[in-house]
Undergrad: 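Okay, handing you the structure first.
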Amino acid sequence: MFNLRPDMIDYLDTLNEPQREGVLTTDGPCMLIAGAGSGKTRVLTYRIAYLIQQKNVDPFSIMALTFTNKAAKEMRERIEKVVGHDARNLWMGTFHSVFSRILRAEAHHLGYPHDFTIYDSDDSKSLIRNIVKEMGLDDTVYKPNTVYSRISAAKNRLISWEDYLRNAELMGDDAANLRPEIGKIYKTYAMRCFKSGAMDFDDLLFNTDKLFKEHLEVLNKYQHRIEYVLVDEFQDTNLCQYFIIRKLSSVKENVCVVGDDAQSIYAFRGADITNILNFERDYPDLKVIKLEQNYRSTQNIVQAANSVIKRNRAQLPKNVWTANEEGNLIELIKAVSDNEEGRLVATSIFQEKMQHQMKFSDFAILYRTNSQSRAIEEALRRMNIKYKVVGGLSFYQRKEIKDLLAYLRFTMNQQDEASFRRIINLPKRGIGDSTVDKIVVAANDHGTSIWEILQNATPFVGGRAAGPIDDFVAMIKRFSLETQRKDAYDAAFEIAKGSGLLRELYEDKTVEGLSRYENVQELLNAIKEYVDDPERQDKTLGSFLQEVSLVTGQDEDKDKDPDKVTLMTIHMAKGLEFKYVYMVGMEEDLFPSQMMISSRAELEEERRLFYVAITRAQKRLFLSYALTRYRFGRLKNCEPSRFLDDVDQSFIKVSTKFAGLESAPPSSQYAKNLVTGIKKTIASAPAAPKPTTYKAPADFTPSDTSALKEGMKVEHPKFGFGTVLQMDMSGADRKAKINFTEIGEKTLLLSFAKLRIIEN
DNA sequence: CCTGATGTCCTTTTT
DNA sequence: GGACATCAGG
């Protein structure tokens, strides 16, 4: 390396040896195995800077792909800091956003309009629900969720509906699960999406692959345009994404992937760890670089994390270590209820902040599921601790926002069935379900589109609805015309007003109505901002909609007050770090989630999730659990998570400051009330109230638990085979401790258990 | 066709 | 506890 620019030398000086290698190995295939906290974002940032500034690579020929909007945004900011304005021209973003841009430019090759609509999973699921209904199938068997995830998994594995119907194994699986029609639903769904000019999330990837497969001239164009491909969080790519990466980079072969198998937590959406193995196979001259030094956390935290992850079987060998100080032990907080847990965490944050002069923004509270934030939020509010919740029900999933967006989409694309169903009777204009059904049936019978029927609806619908439909059609045509000569903001404002949506919300003076009105205003503001951005080339409504469909992350930090405690799920936390981390809800069935422990692979993924949570912490880590918790509106007894035992106990100490009931100062009336209150609630909790509706085969024993004895072999529909170790028939909660072959010991509430006795 | 009341299902993570 | 579907009655 000679003639390095001085600023480049400065950057490189701050790196350790493997990191520097990661920056400088620009040509040829390269894989960075980056342990938690090993500074991979820095490597990626400098690598891009090095390409642009030292090797004079045109930013326009570098593609950097990430998984979440958040990661993309952060990387862009960091690169901008180093290379300045040039960063603007990088192909950088999430897989979905980058490829939707390519698809937008090339849509005509696939027979899609260039302003195709993007369906989010809610749109997809309701479309599936409608299809199931139309096919006359039982929607308790063909649940939209089940069908959707089946279709999604197929697309992620590049299986088209044609392939699906031909695939004996898939069809056999479906038949065995008594859902033989899923293939047909897939077909109808795919065709309906196509007719609607719409792609769902998976289509954005699936169709990109298809585009490159079927139109080699297009692939060729991008292959030559893009000289360097970088992929962050490679362990989270699915097969489809992997194929796209490989195709795109097959000419120059300058592909660099960065990942950590220990942080693979997206198998549920098709991520495939074997991509890492395939990668070595597909690129024999692959250069593998391991980043093993952790710069983020104390020794205690790093070692505790290692002690957890080493319980997993399959992993790439690596040794994550740190030269940082030893640090405090991990503190274990026990609480009696979810509310007390919130209170203890809030108190602890308050004290630590005071004691060590920390900022609120140094703290994060992580949980497994979004619904856990409620109890915590209440406690924080009560203590006047400022916080922000990241993720959760995003702005763009709110009803009023989706309603307006549906109007905007339908104005752009009258073939869009999902939007049509949303807005046809909103505000109420006397076009009910039966009328909609008639229209859809007519469209199917005549082999034409809904929009065609709408324009001449009188012969197909009852006389009462004809007038309103004509008005609706005229209104949409007017919107569509106006949109052509206006920018996104003026068009959206016109539509919000003209449709009557704005007025309806304005007239609703309830608290919720008011906030809905404000939300719509805020969406309009967002569009205004979009239009006013001087860098923005394309200010049409179509381009705005395309972009907005992929925004799921929270409202941009308005940065009014950045000093807030961060609340989020572990999934959202990947890639971030905080001085203090509170991991709450460390309870069996919550974390690991009860849906995720039916196989060893799933349990190991949950354990990786725990690993991710631990390694977010720089200085201190707190783990907490509650003994009782409201779930589905019912108070449940909880057991501490098995993951607590996975941590090498020499790194843990039980919190003395707060230890739940036992240590509550006896003088405190509040604590006394709390205790009696909780005891009362526990005592009065109704025992297994509703008779289980589970339709089990005759030999399953949901109710007659007296037949169950220790030593019996049993089968559970989800957890597999096991042996009964211990019965606990005292009190209302009758439990059995069972040792399952797949997942180890587990205590089941018998009132909900669906056990089959195999032998006595 | 609309409204309000009741009933049912679901409980997981993200683009 | 909440989203959604369904049903009865206007």
Side-chain angles (χ1 to χ4, degrees), chain A residues 65-72 93-100 118-126 129 133 139-140 143-146 149 152 155-156 199-206 233 236-238 240-241 264-271 366-372 374-375 390-394 396-399 425 427-437 461-462 464-465 468 547-554 568-574 585 589-597 602 605-606 608-610 612-613 629-636 690 692-694 752:
Chain A
L65 300 169
T66 64
F67 259 80
T68 58
N69 292 308
K70 210 168 176 160
T94 62
F95 277 88
H96 291 83
S97 74
V98 169
F99 294 135
S100 79
I118 299 175
Y119 281 172
D120 67 17
S121 28
D122 289 341
D123 299 326
S124 302
K125 282 174 201 163
S126 57
R129 191 176 298 122
K133 218 180 278 171
D139 63 354
T140 58
K143 289 181 196 135
N145 262 325
T146 317
S149 59
S152 169
K155 285 183 186 165
N156 287 334
M199 298 192 198
D200 66 18
F201 285 142
D202 301 309
D203 287 333
L204 293 177
L205 307 173
F206 184 86
E233 308 284 11
D236 291 333
T237 47
N238 59 38
C240 186
Q241 289 161 323
S264 164
I265 54 174
Y266 281 108
F268 71 90
R269 78 172 203 210
L366 306 183
Y367 35 77
R368 176 70 233 268
T369 72
N370 279 306
S371 57
Q372 285 170 260
R374 283 181 143 260
V390 179
L393 228 206
S394 97
Y396 289 100
Q397 285 175 4
R398 290 179 200 163
K399 182 180 177 302
N425 200 25
K428 300 263 185 307
R429 50 172 73 88
I431 308 174
D433 292 344
S434 57
T435 308
V436 172
D437 286 346
V461 300
R464 213 172 354 160
E547 211 151 294
V548 95
S549 311
L550 297 169
V551 175
T552 51
Q554 238 14 43
M568 60 185 151
T569 62
I570 313 171
H571 280 89
M572 295 280 340
K574 190 158 70 166
D589 287 349
L590 224 199
F591 188 42
S593 156
Q594 62 177 333
M595 342 251 358
M596 280 292 283
I597 52 172
E602 286 181 344
E605 174 151 324
E606 292 283 290
R608 288 195 290 271
L609 203 52
F610 186 34
V612 170
R629 175 180 299 277
Y630 277 97
R631 281 179 95 185
F632 328 126
R634 178 150 288 131
L635 194 71
K636 285 260 189 214
K690 73 174 171 190
T692 170
T693 53
Y694 176 70
F752 294 111

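The chains referred to below are lettered A, B, ... by the order of the sequence lines, with proteins before strands, and numbering in each begins at 1. This structure is a prediction, so every number in the text was calculated from the model and none was measured.
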Undergrad: Distance check, C1' atoms only: C:dA5 and B:dT12, in whole angstrom units.
TA: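 C:dA5 and B:dT12 have their C1' atoms separated by 23 Å.
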Undergrad: Report yes if a side-chain nitrogen or oxygen of A:K574 is closer than 4.0 Å to either non-bridging phosphate oxygen (OP1 or OP2) of B:dT13; otherwise report no.
TA: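 Checking B:dT13 against A:K574, no side-chain N or O comes under 4.0 Å of OP1 or OP2.
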Undergrad: Going 5' to 3' along nucleotides 2-8 of chain B, which nucleotides have protein heavy atoms under 4.0 Å from the base (write B), which only from the sugar-phosphate (write S), and which from neither (write -)?
TA: SS-----
Undergrad: Using only modelled atom types and a 3.5 angstrom limit, is any donor from either the side chain of A:R368 or the base of B:dT12 paired with an acceptor on the other?
TA: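 Such a pair exists between side chain and base.
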Undergrad: Please report, rounded to the nearest Å, how far the C1' atom of C:dG2 is from the NZ atom of A:K399.
TA: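 Computing the A:K399:NZ to C:dG2:C1' distance gives 16 Å.
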Undergrad: Hey, are the side chains of A:Y266 and A:T237 touching, using non-hydrogen atoms and a 4.5 Å cut-off?
TA: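 A:Y266 vs A:T237: side chains apart.
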Undergrad: Any salt bridge between A:D589 and A:K636, counting N to O under 4.0 Å?
TA: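 No, A:D589 and A:K636 are not salt-bridged.
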Undergrad: Taking the side chain of A:R374 as heavy atoms from C-beta outward, which of B:dC10, B:dT15, C:dG2 is closest to it?
TA: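 Selected nucleotide: C:dG2.
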Undergrad: Under 3.5 Å, side chain of A:S100 to main-chain N/O of A:S97, donor-acceptor pair present?
TA: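 Yes, the answer is positive, given that a donor and an acceptor are paired below the 3.5 Å cut-off.
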Undergrad: How would you label the contact of A:D202 with the nucleic acid (heavy atoms, under 4.0 Å): base, sugar-phosphate, or nothing?
TA: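 Result for A:D202 = nothing.
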Undergrad: Report yes if a side-chain nitrogen or oxygen of A:R629 is closer than 4.0 Å to either non-bridging phosphate oxygen (OP1 or OP2) of C:dG1; otherwise report no.
TA: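 For A:R629, the contact criterion (side-chain N or O under 4.0 Å from OP1 or OP2 of C:dG1) is not met.
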Undergrad: Quickly work out the A:Y630 OH to B:dC10 P distance and round it to whole Å.
TA: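 That distance rounds to 24 Å.
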Undergrad: Using whole Å, report how far NE2 of A:H571 lies from P of B:dT13.
TA: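 My rounded result for the distance is 9 Å.
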Undergrad: Does any part of the side chain of A:Y367, heavy atoms only, come nearer than 4.5 Å to the side chain of A:I570, both counted from C-beta?
TA: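 The answer is no, as the side chains (C-beta and beyond) never meet within the 4.5 Å cut-off.
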Undergrad: Nearest-Å distance, CD1 (A:I570) to P (B:dT14)?
TA: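 Taking atom P of B:dT14 as the reference, CD1 of A:I570 is at 11 Å.
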Undergrad: Of A:T94 and A:K143, whose closest DNA chain B nucleotide lies nearer the 5' terminus?
TA: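 Its nearest nucleotide being more 5', the pick is A:K143.
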Undergrad: Classify the nucleic acid contact of A:T68 as base, sugar-phosphate or nothing, counting any heavy atom under 4.0 Å across all strands shown.
TA: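 Touches sugar-phosphate only.
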Undergrad: Starting at atom CZ of A:F67, determine the distance to atom C1' of B:dT14, rounded to an integer number of angstrom.
TA: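 From A:F67 CZ to B:dT14 C1': 10 Å.
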Undergrad: Any side-chain N or O of A:T435 below 4.0 angstrom from OP1/OP2 of B:dC1?
TA: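 It does, given that an N or O in the side chain of A:T435 lies less than 4.0 Å from OP1 or OP2 of B:dC1.
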Undergrad: If you only use heavy atoms from C-beta on, which nucleotide in B:dC1, B:dT15, B:dT14 is closest to the side chain of A:Y266?
TA: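 Nearest listed nucleotide: B:dT14.
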Undergrad: Please report, rounded to the nearest Å, how far the C1' atom of B:dT15 is from the CZ atom of A:R269.
TA: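 Whole-Å distance recorded here is 5 Å.
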Undergrad: Could you state the atom-to-atom distance from CG of A:L590 to P of B:dC10 in whole Å?
TA: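 Rounded to whole Å, this separation is 19 Å.
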Undergrad: Between A:T569 and A:R368, is any pair of side-chain heavy atoms under 4.5 Å apart?
TA: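 Counting from C-beta outward, A:T569 and A:R368 never come under 4.5 Å.
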Undergrad: For residues A:H96 and A:I118, determine if any side-chain heavy atom of one lies less than 4.5 Å from a side-chain heavy atom of the other.
TA: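 No; the side chains remain at least 4.5 Å from each other.
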Undergrad: Using only side-chain N and O atoms of A:S97, determine if any of them is under 4.0 Å from OP1 or OP2 of B:dT15.
TA: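 No.
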Undergrad: To the nearest Å, how far apart are A:L205 CG and B:dT15 P?
TA: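 Roughly 13 Å, once rounded to whole Å.
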Undergrad: For a quick check of understanding: with a heavy-atom distance under 4.0 Å over all strands, which category does A:R129 fall into, base, sugar-phosphate or nothing?
TA: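 Sugar-phosphate contact only.
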Undergrad: Do A:F201 and A:K155 make a side-chain contact, defined as non-hydrogen atoms from C-beta onward lying under 4.5 Å apart?
TA: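 No, every pair of side-chain atoms sits at 4.5 Å or beyond.
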Undergrad: Provide the closest heavy-atom pair for A:S124 versus A:D200 in the form atom of the first, atom of the second, distance.
TA: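 So the minimum-distance heavy-atom pair works out to OG-CB, 3.5 Å.
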